[in-house]
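Input: a single structure, listed below in structure tokens.
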Amino acid sequence: MVQLAPSVLSADFSRLGEELNVIEKAGVKMLHIDVMDGTFVPNISLGMPVIQSMRKVSNMFFDVHLMVSNPDNIIESIAKCGADGITVHAETCTHLHRTIQNIKKLGLKVGVALNPATPINVLDYIIQDIDMVLIMTVNPGFGGQSYIEKMTQKIKDTRDMCNRLGLNTDIQVDGGISPKNAKEVIEAGATVLVAGSSVFGENKEERIKEFCKIFEEGRK
Ligand code: DX5
Ligand code: ZN
């Protein structure tokens, strides 16, 4: 099954509760939440208090994407704020295997993200332990960037790796995803499509419907 995970980074933060309400009513089950520290990426987004507030008004699966230099320091607090899944960047974890186990011990789903330049062989010895691989399809840090075409091959290579190992691991794609390239990434093997600027703004319901139509067509 393919699903959409709207990225809250592109929401209107002055009306956050309302924004979440609209997308949840439109059928969205997973919310992608970008946490940035201004060090690993040159931007700062939101943190614990905002996640906690959002948790009070939403039942969506909170998929937290940590773009921070020292994720181990905040994993437990992020979990306490109401995250359902945490994704860490392989580039930020000196002891990636240990970090994965720590997230699992908290009872959360775990994902590992790879920047565009990071090869997929970093997954070789840990892929069996994780629920999701996040293939960054832009360099992380900002919404509204263009999809890096070369990443289509990387999605295919990751899907091949999973197939070879008999794994059904989710492959999430994040950055520059819109109804225009949704079919391309799904055919390559992506199962979770993060979309920020192509969902939030005017006509959210229409945009979500557009994605869902593409998912339906892929199922036929
Ligand atoms: C970028 C973030 C994304 C971002 C995607 O570093 O990880 O989740 O919100 O935004 P769009 O869909 O606009 O490229
Ligand atoms: Zn993200």
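None of the values given here were measured: they were computed from a predicted structure. As the structure lists them, so they are numbered: ligands from 1, and atoms in each ligand from 1.
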Do Ser45 and Asp34 get their side chains close enough for a donor-acceptor pair, meaning under 3.5 Å?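 No, no side-chain donor-acceptor contact under 3.5 Å.
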Any donor-acceptor pair under 3.5 Å linking the side-chain atoms of Tyr147 with those of Thr152?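 Indeed, the side chains of Thr152 and Tyr147 share at least one donor-acceptor pair under 3.5 Å.
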With carbon and hydrogen excluded and only N/O/S kept, which atom of Asp34 is nearest the Zn ion (ligand 2)?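 Closest N, O or S atom of Asp34 to the Zn ion (ligand 2): OD1.
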Aromatic contact between His89 and Phe40, with the criterion being ring centroids under 6.0 Å apart: yes or no?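 Yes, close enough.
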Tell me the closest heavy-atom pair linking Ile86 and Ile75, and the distance in Å.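 The answer is CD1-O, 3.7 Å.
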Which atoms form the tightest heavy-atom contact between Val194 and Gln172, and what is the distance?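 Nearest pair, atom of Val194 first, then Gln172: CG2-NE2, 3.4 Å.
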Where the side chain of Asp131 meets the backbone of Gly111, is there a donor-acceptor pair that is under 3.5 Å apart?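 No, the answer is negative, given that no donor and acceptor are paired below the 3.5 Å cut-off.
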Once rounded to 10°, what is the value of the angle centred on the Zn ion (ligand 2) between His65 ND1 and Asp174 OD2?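 Vertex at the Zn ion (ligand 2): approximately 90°.
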N or O contacts of ligand 1 with protein under 3.5 Å, please list pair by pair.
{"residue": "ligand 1", "atom": "6 (O)", "partner": "Gly141", "partner atom": "N", "Å": "2.7"}
{"residue": "ligand 1", "atom": "7 (O)", "partner": "Asp34", "partner atom": "OD1", "Å": "3.0"}
{"residue": "ligand 1", "atom": "7 (O)", "partner": "His65", "partner atom": "ND1", "Å": "3.4"}
{"residue": "ligand 1", "atom": "7 (O)", "partner": "Asp174", "partner atom": "OD2", "Å": "2.8"}
{"residue": "ligand 1", "atom": "8 (O)", "partner": "Ser7", "partner atom": "OG", "Å": "3.4"}
{"residue": "ligand 1", "atom": "8 (O)", "partner": "His32", "partner atom": "NE2", "Å": "3.4"}
{"residue": "ligand 1", "atom": "8 (O)", "partner": "Asp34", "partner atom": "OD1", "Å": "3.2"}
{"residue": "ligand 1", "atom": "8 (O)", "partner": "Asp34", "partner atom": "OD2", "Å": "2.7"}
{"residue": "ligand 1", "atom": "8 (O)", "partner": "Asp174", "partner atom": "OD1", "Å": "2.7"}
{"residue": "ligand 1", "atom": "8 (O)", "partner": "Asp174", "partner atom": "OD2", "Å": "3.0"}
{"residue": "ligand 1", "atom": "9 (O)", "partner": "Ser7", "partner atom": "OG", "Å": "2.7"}
{"residue": "ligand 1", "atom": "9 (O)", "partner": "Asp34", "partner atom": "OD2", "Å": "3.1"}
{"residue": "ligand 1", "atom": "12 (O)", "partner": "Gly196", "partner atom": "N", "Å": "2.8"}
{"residue": "ligand 1", "atom": "13 (O)", "partner": "Gly144", "partner atom": "N", "Å": "2.8"}
{"residue": "ligand 1", "atom": "13 (O)", "partner": "Ser197", "partner atom": "N", "Å": "3.0"}
{"residue": "ligand 1", "atom": "13 (O)", "partner": "Ser197", "partner atom": "OG", "Å": "2.5"}
{"residue": "ligand 1", "atom": "14 (O)", "partner": "Gly176", "partner atom": "N", "Å": "2.8"}

Thr158 side, atom OG1; Ile155 side, atom CD1 - distance, nearest 0.5 Å: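 Between Thr158 OG1 and Ile155 CD1, I get 7.5 Å after rounding to 0.5 Å.
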